Amino acid sequence: MADNTHRMNRFDLMQRMVARLRQEEAVIGGIGHTNFDLWSAGHRPQNFYMLGSMGLAVPIALGVALAQPQRRVFALEGDGSILMQLGCLATVATLRPKNLTILVMDNGSYQITGGQPTPAAGSADYVAIARGCGLANSVWAKDETDFERLVEASLAGEGPNLIGLKLDDAKPPTQTERDPAQIRDRFMRGMGAKTSKLPG
């Protein structure tokens, strides 16, 4: 289990991560507060904001990483959502995309649906599970400084990587605009997969 008791703030961590993105890196924000804070921390056309598709941040990010191996890709997933697709960790370990980093946002609860406890509130250790699936570069960030170091290392080195983050229960400052077609098209343009003269 994580050896730190320091609980970090998700929005603060998102601000720290976005500030380090300089090469049009792709960021896939899982459902709920994870992508709300990504939206608030720094909206970019390379951000994909998931709506209502629980557990699919890592599979989508894996697809982007395989399709564009020269682009760094981050998957942001909550502890409840990652539980829906634990098998994807073994798939990532098997395919070994060097450009993929997974961030598991662990606050021990299904926060957006009422705060019901997740298995991470008990004995489930997602970093240990990831290592067991074959993701050797899986660690808990001890604090904000350690998180920044791990993000920089993932941008400079080879993956796949998984960073576990123990979080407080703070709510995001805003919510993502819910326009699926616009989110999709804007992200496709951000990935260079679609061109359009339309705004947004």
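In this text, all values refer to a predicted model and were calculated from it rather than measured experimentally.
Taking the six-membered ring where the residue is Trp, Phe48 and Phe187 present tilted rings, their angle falling between 30° and 60°.
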The test is side-chain contact (heavy atoms from CB on, under 4.5 Å); show your working for Leu165 and Val104 and say whether it passes. CA-CA 6 Å; Leu165 304 164; Val104 178; over 6 Å; no
One pair to check against side-chain contact (heavy atoms from CB on, under 4.5 Å): Gln46 and Glu25. What are the steps and the verdict? CA-CA 7 Å; Gln46 294 80 26; Glu25 297 88 348; over 6 Å; no
Would Leu21 and Val27 count as a side-chain contact (heavy atoms from CB on, under 4.5 Å) if you check the C-alpha gap in whole Å, the side-chain angles of each, and the deciding distance to 0.1 Å? CA-CA 10 Å; Leu21 303 180; Val27 183; 3.6 Å; yes
Working note: Arg131 + Val139, criterion side-chain contact (heavy atoms from CB on, under 4.5 Å); need CA distance, chi angles, decisive distance, verdict. CA-CA 9 Å; Arg131 289 176 182 160; Val139 296; 4.0 Å; yes
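In Met84, the CE atom is not crowded: 12 or fewer heavy atoms of neighbouring residues, nucleotides or ligands sit closer than 6.0 Å.
The shortest side-chain heavy-atom distance between Pro97 and Leu62 falls under the 4.5 Å cut-off. Looking at Pro160 and Leu135, their side chains come closer than 4.5 Å, going by heavy atoms from C-beta outward.
If you chain together hydrophobic residues whose side chains sit under 4.5 Å apart, Met54 and Ile183 fall into the same group.
Side chain of Ser81 to backbone of Gly78: no donor-acceptor contact under 3.5 angstrom is found. In terms of modelled atom types and a separation under 3.5 Å, the side chain of Arg20 and the main chain of Arg16 share a donor-acceptor contact.
Judged purely by distance below 3.5 Å, without hydrogens or angles, the side chains of Asp125 and Trp140 pair a donor atom with an acceptor atom.
Here the rule is side-chain contact (heavy atoms from CB on, under 4.5 Å) with Thr34, and of Leu76, Ile28, Leu167, Leu103 only Leu76 fits it.
Here the shortest heavy-atom pairing between Ala57 and Ala75 reads O-CB, 3.9 Å.
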